[in-house]
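Right, one structure below, let's go through it.
Keep in mind that this is a model prediction, so the values were computed, not measured. Numbers here simply count residues along the sequence, with the first being 1.
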Amino acid sequence: MDYNHQNQNNNGQWDRWNSNASNSSYYNQPTHRPYGQGFMIASGICGMLSITACCTGILSLPLGALGILFAALTYRKGKKMNSACLIGIISSCVGIFSALLLTVNSFLMLPTMLQNDAFRGQLDAVTQQMYGMDFKDFMEEFYGYSFDTSEGEMK
């Protein structure tokens, strides 16, 4: 049986609107972009920037939050999340976690670093350039903290 003759009309032309026709224009329609593809790309970029900016501490937190938000915006009920979204979420979480870990570690190491004379000298030089006073005077004047420079502990 020749199927080509069934899809022709009386004039010998192909029936374009017959969905059984293998050459119908229905099959040649352009496809649309998947839903949320821009958000998937933004999620991945924000996640990667969050990882690379984790050494700044503060910049990594909003970038990671944006990466998670963009990945959540691509989620559709009843559909599986795309692997690009999962990569964006994972990299954003890694960036946020490493930034928080670095920030907490810096604050915990501050009393130990203040005992080092070279570090204290660099800190005094920076605060002298920025505020016109050394670090000890700066902390006492603006924050009310005083600390013993021999032990480096704040009181």
Side-chain angles (χ1 to χ4, degrees), residues 1-4 6-8 13-131 135-136 138-139 142-145 147 151-155:
M1 178 185 240
D2 190 10
Y3 292 107
N4 292 334
Q6 290 180 354
N7 294 328
Q8 290 182 358
Q13 295 177 342
W14 293 100
D15 187 4
R16 292 180 40 188
W17 306 109
N18 185 355
S19 63
N20 293 328
S22 62
N23 63 346
S24 73
S25 63
Y26 173 79
Y27 293 106
N28 298 324
Q29 294 294 319
T31 58
H32 63 84
R33 297 175 105 189
Y35 174 78
Q37 187 174 7
F39 285 134
M40 284 188 282
I41 294 169
S43 172
I45 289 173
C46 286
M48 294 301 161
L49 287 176
S50 175
I51 289 175
T52 57
C54 71
C55 59
T56 63
I58 296 172
L59 184 60
S60 180
L61 298 176
L63 285 172
L66 281 174
I68 293 171
L69 175 72
F70 289 147
L73 287 175
T74 62
Y75 178 72
R76 296 180 98 182
K77 207 174 233 186
K79 302 278 184 179
K80 277 181 69 174
M81 190 171 279
N82 194 348
S83 61
C85 293
L86 290 176
I87 290 172
I89 288 175
I90 291 169
S91 59
S92 296
C93 290
V94 167
I96 288 173
F97 179 73
S98 58
L100 288 175
L101 189 67
L102 184 65
T103 303
V104 167
N105 187 29
S106 297
F107 280 116
L108 291 177
M109 292 298 295
L110 187 61
T112 306
M113 291 188 303
L114 285 174
Q115 291 176 356
N116 188 350
D117 291 331
F119 177 78
R120 207 173 38 232
Q122 289 176 350
L123 193 59
D124 285 339
V126 168
T127 54
Q128 183 70 31
Q129 286 178 351
M130 291 177 70
Y131 304 108
F135 183 69
K136 182 179 176 184
F138 173 77
M139 291 299 285
F142 290 104
Y143 295 107
Y145 289 121
F147 58 93
E151 295 181 17
E153 294 181 10
M154 293 187 180
K155 297 177 184 176

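- By the 6.0 Å contact criterion, CD1 on Ile58 is open, its count of non-hydrogen atoms from other residues, nucleotides or ligands being 12 or less.
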For residues 82-96, run the donor-acceptor check on the side chains, cut-off 3.5 Å, and write out each pair with its distance to 0.1 Å, sequence neighbours left out.
residue, atom, partner, partner atom, Å
Ser91, OG, Ile87, O, 2.9
Ser91, OG, Gly88, O, 3.2
Ser92, OG, Gly88, O, 2.8

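- Inter-residue side-chain proximity for Leu59 and Leu49 is flagged as unmet; no heavy-atom pair is nearer than 4.5 Å.
- A search for ring-ring contact (aromatic ring centres under 6.0 Å, His included) contacts involving Phe107 returns nothing, not counting sequence neighbours.
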Which is it for Leu100 and Leu61 under the side chain to side chain contact (heavy atoms under 4.5 Å, CB included) test, yes or no, and what are the steps along the way? CA-CA 8 Å; Leu100 288 175; Leu61 298 176; 4.0 Å; yes
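- Looking only at distances, no side-chain donor or acceptor of Ser60 sits under 3.5 Å from a matching main-chain atom of Thr56.
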Which donor-acceptor pairs under 3.5 Å do the side chains of residues 65-73 make with protein atoms, sequence neighbours left out?
none

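- Every residue was checked against the side chain to side chain donor-acceptor pair (under 3.5 Å) condition with Ser43, not counting sequence neighbours, and none meets it.
- For Tyr131, the side chain to side chain contact (heavy atoms under 4.5 Å, CB included) partners at least two apart in sequence or on another chain are Thr127, Met133, Phe138.
- Expressed to the nearest 0.5 Å, how far CG of Asp124 lies from CG of Asp117 amounts to 10.5 Å.
- In this structure a side-chain-to-backbone donor-acceptor pair under 3.5 Å is missing from Ser50 to Cys46.
- Qualifying side chain to side chain contact (heavy atoms under 4.5 Å, CB included) partners for Met109, counting only residues two or more places apart in sequence or in other chains: Asn105, Thr112, Met113.
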